[in-house]
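First comes the structure, then the notes that go with it.
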Amino acid sequence: MEEQELPYVLIDTIGGTHGVYEDHVEFLKKHFTLITMKEFLENKNHLSEKIKAIYMWWHKPAANQELLHSLPNLKMIVTSGAGVDHLDLKLISSFGVKVANTPFAVSSATADLGMVLMLASARRLVEGCQIAVSPNTEHFAADWLGDEVTGATLGIIGMGSIGYMVAKRAKAFEMKILYHNRNQRKEEEERAVGAIYCKKIEDLLQQSDFVMLVVNLTPQTDKLFGKKELELMKPSATLINISRGPVVDQDALVEALQNGVIKAAALDVTYPEPLPRHHPLLKLKNIIITPHIGSATTSSRRLTMQNMVESILAALNGFPIPNEVIP
Amino acid sequence: MFRVKAFCLIEAIHLATGCPRLAGRLIHPAVVCHVHHWTKRSTDSMWSYRTGPNSSGEAGVSALQTKIMEQGELPVLLVNEVGGVRGVLKAHVEFLKKHFHLITMKEFLKNKKHWSKKVQAIYLWWHKPIIDRELLESLPDLKVIANSGVGMDHLDLKLISSFGVKMANAPHAVSSSTADTGMALLLASARRLVEGCQTAVSPDTECFADDLLGDEVTGATLGIIGMGSIGYKIALRAKAFEMKILYHNRNRRTEEEERAVGAIYCTKIEDLLQQSDFVMLVVSLTPQTHKLIGKRELELMKPTATLINISRGPVVDQDALVEALQTGVIKAAALDVTYPEPLPRDHPLLKLKNILITPHLGIKTDKTTRMITEEAVANILAALNGLPIPNEVFP
């Protein structure tokens, strides 16, 4: 039998702070010959024409003009996670290269994180943990209270697959669910989670105790949430962002939190990530920030990797590509 | 029994909140007689059931209000303190004063002679005032002790009953917010939330390394030990996260109840422990549940599993837990309750990395604390007016 080489796939690096996971390598090597950026740069002449796909793990390696030029046989770029805002889709398409992401692999983990940010913020969990272990704690004060989640109103902005999963979870907490989306969902879908469509975002903002942002970052959603939106929110309401930092006008948010225009915020995403250490958001008491861990579970990362492999294999074999992103 | 309980609750709540219409519709002479027979088995000689077959709902609240006004003064309610660390919430005082003449322990002790015979009810807040023989002996006209919250493990129920004093707790008010707390602890622990928050704000953070991987909650197996109303609400929530739900309880729930949340009964606690990714304790503290989870139970759990305790500290053998967490017998723990509360500042649990501890915040929301006081007031008013107490607790 002829020994065929496995297709050459470019990755950034293995291990380290952002590299492909060491325990994913075995699976990847079953299907591909992995070339790291370092190896590629050291041997460009030999490898240039062999690389058929880029396996972009947490935005690396970056698909810029220079790289695309140097890979004449590149067929596919697959990126981990749901977001594609870090890619110049038009540019990539102009090279005849296809793109795929992994929106479904990350959706339940991200929905779960949205829920825990809401619960943790409402019930003052992080503060509570600090009190429980602080060397100064002598007693637990009776009048230290949080906000009830059960029965409260949740407004979901962006009712894609992640937003819908959030709605399913919130329903079990007997929350009243309002949503705003480019398109209204089907009646059965709405009924299944008890969600009420708000054509005007204002209606959602004025009624919600918790507002959760679950949109993609696009030119339309960039700074979707600014001073006007924050002022429409109840002063007792909390903003939760699990989409992308730039969806929120961060300066407006700082001001709103400082002046009690809204009660609190919980952000898994900011811009940049991480925030500069002197950023005013880090000094506020009525905010919790997590380091973009929306999809950070062992199993969701494994599923992400598997989805990426499937997409590359489909592209290289001329099959319809799962999770293809059309520019 | 259920109808009667429902009737009692609605009636008493409307007594407390002053809405006679519903009470009027629901009180029927036949039901009243029924209740009389049902409660008689648990009564002591001091309790007299004063409303007879002729009483009707419309008379309900207005009659009671008239009665109160006829007496010229509101019944005296003893609380430990108002405000401060463990006192009754200041925000609740106005509501309490609508129905009672409120005195604190300090005022009582200052003028024991005057207040002794007047105190008819005690409202406990965070387990205070302490109900001992001395206090009970000094309150000859005490009719009822109403507890805030559901746990009664801090009370000597037999002793109190021997004085002919009734007791009540507030089980309905607490269930949702405690269930929410259980879910919050489960999720926060699994997703390493507190660690993440620390990283996000730490002055040393230069970049977010992709190393804060947590455990997936969606689709994982949750074992609920104690499937009372709080446990069941947790099952309802966990189902929405597509969790596989196992439960262990003194009694099995009905088939419909199990089906509604997809819960599988484990007769043997071992079966639950061996299969669960998350084990949640939602039992009352009783002599049977004291140190329910010890070395043996922890060793039966998966080494990748997390223990969550929202019941009472003493349900867990704390020393065994420390050891299990230190040696990786289980992966992590999340405790809203410990013993004592707070833990001494040098306690080994506070030094562990794989633990989350919260300051008994299970019921600590504006809404729930208000509902607790409303439920307690309904219980007290029922007791003082010789009506069946909605949430009576028997020794």
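Proteins get letters first, then strands, A, B, ... in listed order; numbering begins at 1 in each.
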Less than 4.5 Å apart, any side-chain heavy atom of [X] and any of [Y]?
| X | Y | result |
| --- | --- | --- |
| Thr358(B) | Ile131(A) | no |
| Thr17(A) | Phe208(B) | no |
| Lys168(A) | Phe241(B) | no |
| Thr365(B) | Leu145(A) | no |
| Asp143(A) | Val85(B) | no |
| Thr297(A) | Leu213(B) | no |
| Cys197(B) | Ile289(A) | no |

(request) Could you go through the side chain to side chain donor-acceptor pair (under 3.5 Å) check for Arg192(B) and Thr290(A) one step at a time? (result) CA-CA 10 Å; Arg192(B) 300 171 69 177; Thr290(A) 44; over 6 Å; no
Just by modelled atom types, is the [Y] backbone N or O under 3.5 Å from a matching donor or acceptor in the [X] side chain?
| X | Y | answer |
| --- | --- | --- |
| Asp180(B) | Thr150(A) | yes |
| Arg191(B) | Ala109(A) | yes |
| His139(A) | Glu341(B) | no |
| Arg345(B) | Ser134(A) | yes |

Top contributor to chain A interface from [options] [non-hydrogen pairs under 4.5 Å]:
| options | value |
| --- | --- |
| Leu186(B), Val201(B), Val88(B) | Val201(B) |
| Leu212(B), Leu236(B), Val194(B) | Leu212(B) |
| Arg237(B), Lys90(B), Lys367(B) | Arg237(B) |

(message) Strictly below 4.0 Å, N to O, side chains only: are Asp210(B) and Arg301(A) in salt-bridge contact?
(response)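 Salt bridge present between Asp210(B) and Arg301(A).
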Which atoms of [X] come close to chain B, meaning under 4.5 Å heavy atom to heavy atom: side chain ones, backbone ones, both, or neither?
| X | result |
| --- | --- |
| Glu174(A) | side chain |
| Ser295(A) | backbone |
| Pro274(A) | both |

(request) Heavy atoms only, distances under 4.5 angstrom: which of Ala141(A), Ala122(A), Pro276(A) has the most pairs with chain B? Name it, please. (result)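 Highest number of heavy-atom pairs under 4.5 Å: Ala141(A).
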Minimum heavy-atom separation for [X] to [Y], with atom names?
| X | Y | value |
| --- | --- | --- |
| Ala240(B) | Ala172(A) | CB-CB, 3.4 Å |
| Ala142(A) | Trp126(B) | CB-CD1, 3.6 Å |
| Glu148(A) | Thr368(B) | OE1-OG1, 2.6 Å |

(request) With rounding to the nearest 0.5 Å, note down the distance linking OG1 in Thr181(B) to CG in Leu125(A). (result)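 One finds 8.5 Å between OG1 of Thr181(B) and CG of Leu125(A).
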